[in-house]
Amino acid sequence: MLNRCARKGTAGSNPAVSAFNLDRTKRQASACLFAFRGPHTMDEPIRVRFAPSPTGYLHIGSARTALFNWLFARKHGGTMVLRIEDTDKQRSTDESTRSILEGLEWIGIDWDEGPFYQSANVDRHRGAVERLVADGKAYRDFTPRQATDDRTVKAEIADRARANAGEKVRNEYRDLDPVESARRAEDGEAFAVRLKVPEQGESTFVDTVYGEQTVDMKTIEDLVLLKSDGSPLYNLSVVVDDIDMRITHVIRGRDHVSNTHKQILIYRALGAEPPAFAHLPLIFAPDRSKLSKRKHGPVVSLTTYRDRGFVPEAFRNFIALLGWSPGTDEEVMTLESLVERFSLEGINRADAIFNFSEADDRSWTDAKGLWMNAEYLSKALPEERIADLVESQLRSAGLWSDEYAVDGIRRAWFRSTVAMLRARARTLDDFSIGNRAFWADDYPIDPKARAKNLGDPRTIELLCELGNQFSALEPFTLETAESTLRAFADEAGVKAGVLINGSRTILTGSPVGPGIFEVMMALGRERTSQRLIRGPMDE
RNA sequence: GCCGCUAUAGUGUAACCGGUUAACACGCUGCCCUCUCAAGGCAGAGAGUACGGGUUCGAGCCCCGUUAGCGGUACCA
């Protein structure tokens, strides 16, 4: 299937091509004779693009495609272009565009040119079609348009193909006399424009990820370039824009591989050299179906992660590992390291599964993603960054105090409390929800913790008394608090653990958390003793 | 139906030119810490590389076939 004879020869000295091909030495396909090698000349810089269609929020798969394009551009000093493919006016919305832009910004992907809106280029697209017709490379098809029902297209395609027994049907207008064709158009007869696909031979290109791709021309029908209402179709628009924007490398989902053959035909018909192509494996849901907004809901949307306390660095790191690996055991990597290590060679060909379970709230999204987030929160990020993230988290939860921002004792307290809490944090929500008791006096008490640790009324009485002792304790330190509690437990004839767990429940409302004396120090003597004296709040 | 792609523990990925008992991480289980834990430490289970042939002294890596999944097959993008 693959052989290695070809690679050194094809890479040549072209920097753009080299960057692309050398990445993939081990998988470089053979058949260099017939494969195009990209349009690059010696000095042509790398230009990539991310081209989402604004029909919804930014999807995990799209975010990954954007990321890979971005990493590739950054690694090779190339240019990243953002193009919004809004030609489908029915489905495109400004809101989606905004949401996509926001998503990219959140995850830290920027672009050097754009955003360009594809709808602004329809004249160019039509112009290209006119040229193709004039050159005899495309023709007018006067067949009346058949209504297509979006729901059943898949089934219809299969049925039609079956009916044709896999044979390509020759369009009756393909060889219509050009004069006759022009006359009928003049007369106002509606027509679509189709590309004249060669009837013989094969279409071949070398995909940087998947290797040589060959298909018989017979399997490609004369594709429509322009609808009968005059609007250009996707494959045409993409090619015209990519030519205009001088895109050198197209990195996108592998659901486009068969489009690639068609697009290359268009490039050639237009007299342009196609760029290099690298297709990415898809991302599936646990049931092995394509991850989709409609079917799987918010779990596929980037904004969900932002809203549920993910750190963008962590999420970016996590999706970078979906279908790509640096080839080493490294997993937690800085952006710089990601850029440095990224290569198309490291892209896997098998589709990746994004694991999550709607049933279990603790694994509402992929466990590894959650783990990655916890890694960033607890260790990978510098203290400064964590402080900023927690600040905005607390602000939106209405728990922020401006005293934390100015130099002084409150700020120091804020920083040390965050440092204590980050070890156990999985999401930013843990700071505002799970650890509310550190920022506010009204916090809920976990019913299970209450039942387990405060079930005995005597415990509550003892804790109240302990609170009194704490209020007079001087100094109030880790050591004195611990010895006081332990001595008090001895006197009362209960195990220290009973008072410790009871304290934690009253002080934080939670059954888990940092060591109790650290918690007490963070809360300070006042709040510690008052909360113990007051006892558990009623809900 | 036709065309194409893919196949390594539950998941994400390793395994240089074929060469020890197929590695790492997540998750899972257990133990320890005993002041809890969703934290930390330690240990463990879990694949013989989809299946069947072939080549070879030797195959997860090469060849052939089968199966399954997926993508495409549209006047959608």
Side-chain angles (χ1 to χ4, degrees), chain A residues 1 4 26 51-53 55 85 87-88 90-92 141 143 145-148 150 153-154 156-168 192-194 207 210-211 213-216 218-221 223-229 231 233-235 237-238 253-259 261 279 281-282 284 286 288-290 318 321-332 346 348-355 362-363 366-372 374 378 423-426 430 434 449 452-453 482 485 495-501 503-505 510-517:
Chain A
M1 164 173 74
R4 283 154 185 91
K26 72 175 178 187
S53 52
T55 54
E85 305 211 326
T87 47
D88 185 340
Q90 304 291 308
R91 295 193 293 158
S92 300
D141 177 3
T143 310
R145 179 180 186 172
Q146 295 167 350
T148 47
D150 227 38
V153 268
K154 292 271 180 194
E156 276 171 22
I157 290 163
D159 287 347
R160 196 185 58 160
R162 242 187 304 275
N164 296 337
E167 284 300 299
K168 187 166 156 185
V193 177
R194 288 182 184 267
D207 186 278
Y210 287 95
Q213 300 293 310
T214 302
V215 131
D216 199 298
K218 291 191 188 75
T219 65
I220 307 175
E221 69 173 7
L223 55 139
V224 173
L225 303 174
L226 203 67
K227 297 195 216 179
S228 46
D229 67 3
S231 54
L233 260 96
Y234 170 76
N235 279 316
S237 300
V238 175
R254 73 146 232 264
D255 45 345
H256 286 287
V257 296
S258 47
N259 276 332
H261 289 101
H279 287 95
L282 265 23
F284 286 151
R288 298 203 143 267
S289 68
K290 211 165 132 186
F318 169 63
L321 262 15
L322 244 31
W324 172 79
S325 136
T328 64
D329 288 344
E330 293 166 285
E331 293 196 311
V332 180
N348 203 234
R349 285 180 288 208
D351 299 315
I353 292 174
F354 184 81
N355 235 331
R362 232 181 106 65
S363 26
D366 196 290
K368 190 132 190 183
L370 248 11
W371 167 82
M372 185 69 81
S378 62
R424 270 157 245 265
R426 290 168 68 84
D430 291 343
K452 188 180 167 203
N453 300 322
E482 176 158 11
L485 182 143
K495 293 210 293 189
V498 172
L499 299 184
I500 284 169
N501 290 323
S503 296
R504 177 175 293 107
T505 306
S510 167
V512 303
I516 192 62
F517 303 108

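Lettering of chains follows the sequences in order, A, B, ..., and the numbering in each one begins at 1.
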query: G44(B): syn or anti, with syn meaning chi within 90° of zero?
result: anti
field: Heavy-atom donor-acceptor pair, S378(A) side chain to A374(A) backbone, under 3.5 Å
entry: yes
field: Spacing between L226(A) atom CG and A74(B) atom C1', to the nearest angstrom
entry: 15 Å
message: Return a single string for nucleotides 37-45 of chain B, one symbol per nucleotide in 5' to 3' order, where B is base contact, S is sugar-phosphate-only contact and - is none, cutoff 4.0 angstrom on heavy atoms.
response: BBBS-----
statement: I220(A) CD1 to C2(B) P, in whole Å, measures 18 Å
- prompt: Where the side chain of L321(A) is defined as all heavy atoms beyond and including C-beta, which of A77(B), C75(B), G12(B) is the nearest nucleotide?
  reply: G12(B)
- prompt: Do W371(A) and V332(A) pass the side chain to side chain contact (heavy atoms under 4.5 Å, CB included) test, and can you show the C-alpha distance, the side-chain angles, and the key distance before you say yes or no?
  reply: CA-CA 11 Å; W371(A) 167 82; V332(A) 180; 4.1 Å; yes
- line: Heavy-atom closest pair (L321(A) atom, P326(A) atom, distance to 0.1 Å) is CD1-CD, 4.3 Å
- request: Ignoring the backbone of Y234(A), work out which of C35(B), C75(B), A77(B) is nearest its side chain.
  value: A77(B)
- request: Send over the distance from I353(A) CD1 to A9(B) C1', rounded to a whole Å.
  value: 13 Å
- line: Per the 3.5 Å Watson-Crick/G-U criterion and a run length of at least three, the stems involving RNA chain B are B:1-7 with B:67-73, B:10-13 with B:23-26, B:28-32 with B:40-44, B:50-54 with B:62-66
message: Distance check, rounded to the nearest 0.5 Å: E331(A) atom CD versus M372(A) atom CE?
response: 6.0 Å
Could you write out each protein N or O paired with an N or O of nucleotides 21-26 of chain B at a distance under 3.5 Å?
{"from": "A25(B)", "atom 1": "O2'", "to": "E331(A)", "atom 2": "OE1", "distance (Å)": "2.5"}
{"from": "A25(B)", "atom 1": "O2'", "to": "K368(A)", "atom 2": "NZ", "distance (Å)": "3.3"}
{"from": "A25(B)", "atom 1": "N3", "to": "K368(A)", "atom 2": "NZ", "distance (Å)": "2.8"}
{"from": "C26(B)", "atom 1": "O2'", "to": "K368(A)", "atom 2": "N", "distance (Å)": "3.4"}

- request: Could you give the distance separating C51(B) and A7(B) at their C1' atoms, to the nearest angstrom?
  value: 11 Å
message: If I pick the C1' atom on A45(B) and the same atom on G10(B), what distance separates them, to the nearest angstrom?
response: 13 Å
query: Between A47(B) and C42(B), how far is it from one C1' atom to the other, in whole Å?
result: 24 Å
message: For a 4.5 angstrom cut-off between non-hydrogen side-chain atoms, does V224(A) reach D141(A)?
response: no
- line: The side-chain contact (heavy atoms from CB on, under 4.5 Å) partners of D430(A) (sequence neighbours excluded) come to A425(A), R426(A), T427(A)
statement: Protein-proximity profile, nucleotides 66-73 of chain B, B/S/- by nucleotide at the 4.0 Å heavy-atom cutoff, equals ----BSSB
Closest heavy-atom pair and its distance - L322(A), F354(A): CD2-CD1, 3.9 Å
- prompt: Whole Å only: how far is the CD atom of E330(A) from the C1' atom of A14(B)?
  reply: 13 Å
- request: Determine whether N235(A) and L223(A) make a side-chain contact, defined as any pair of heavy atoms from C-beta on separated by less than 4.5 Å.
  value: yes
message: If I take atom CZ in residue R349(A) and atom C1' in nucleotide U13(B), what distance separates them, rounded to the nearest angstrom?
response: 15 Å
Nearest-nucleotide comparison on RNA chain B, the residue closer to the 5′ end among S53(A) and V215(A): V215(A)
query: Just how far, in rounded Å, is P of G4(B) from NE2 of H279(A)?
result: 16 Å
task: Check the distance between A74(B)'s C1' and L225(A)'s CG and give it to me in whole angstrom.
output: 14 Å
message: To the closest 0.5 Å, what do you measure between CG (L282(A)) and CD1 (I353(A))?
response: 11.5 Å
Span that lies between the P atom of G30(B) and that of C37(B), in whole angstrom: 13 Å
message: When the C1' atoms of U36(B) and G44(B) are compared, how many Å lie between them, rounded to an integer?
response: 25 Å
query: What distance, rounded to whole Å, do you find between the two C1' atoms, one in C28(B) and one in U34(B)?
result: 24 Å
query: P326(A) or S228(A): which one's nearest nucleotide on RNA chain B is closer to the 5' end?
result: P326(A)
- prompt: Rounded to the nearest Å, what distance is computed from the NZ atom of residue K218(A) to the C1' atom of nucleotide G4(B)?
  reply: 17 Å
query: Can a donor-acceptor pair under 3.5 Å be found between the side-chain atoms of R504(A) and the base atoms of C35(B)?
result: yes
- request: Could you work out the separation of A38(B) and C31(B) based on their P atoms and round it to a whole Å?
  value: 12 Å
- prompt: Does a salt bridge link K290(A) with D255(A), judged by any charged N lying under 4.0 Å from a carboxylate O?
  reply: yes
task: Would you give the length of the straight line joining atom CG of L370(A) to atom CZ of R362(A), rounded to the nearest 0.5 angstrom?
output: 7.5 Å
message: Treating N501(A) as the side-chain partner and N453(A) as the backbone partner, does any N or O pair qualify as donor plus acceptor under 3.5 Å?
response: no
query: Taking only residues two or more places apart in sequence or in another chain, which ones pass side-chain contact (heavy atoms from CB on, under 4.5 Å) with E85(A)?
result: A51(A), S53(A), R83(A), Q118(A), Y234(A), V238(A)
- line: Out of G4(B), C35(B), A77(B), minimum distance to the side chain of Q213(A) belongs to G4(B)
field: Intermediate values then yes/no, side chain to side chain contact (heavy atoms under 4.5 Å, CB included), H261(A) and T219(A)
entry: CA-CA 10 Å; H261(A) 289 101; T219(A) 65; over 6 Å; no
message: With the 90 degree cut-off around zero defining syn, does C17(B) come out syn or anti?
response: syn
- prompt: side chain to side chain contact (heavy atoms under 4.5 Å, CB included) between H279(A) and Q213(A): does it pass, once the steps are laid out?
  reply: CA-CA 11 Å; H279(A) 287 95; Q213(A) 300 293 310; over 6 Å; no
query: Are any side-chain N or O atoms of D351(A) and backbone N or O atoms of P281(A), one a donor and one an acceptor, separated by less than 3.5 Å?
result: no
message: Taking G18(B) as the reference, what is the distance to A59(B) when you measure between their P atoms (whole Å, please)?
response: 13 Å
message: Within the 4.0 Å heavy-atom criterion, would you say S325(A) contacts the bases, only the backbone, or no part of the nucleic acid?
response: sugar-phosphate
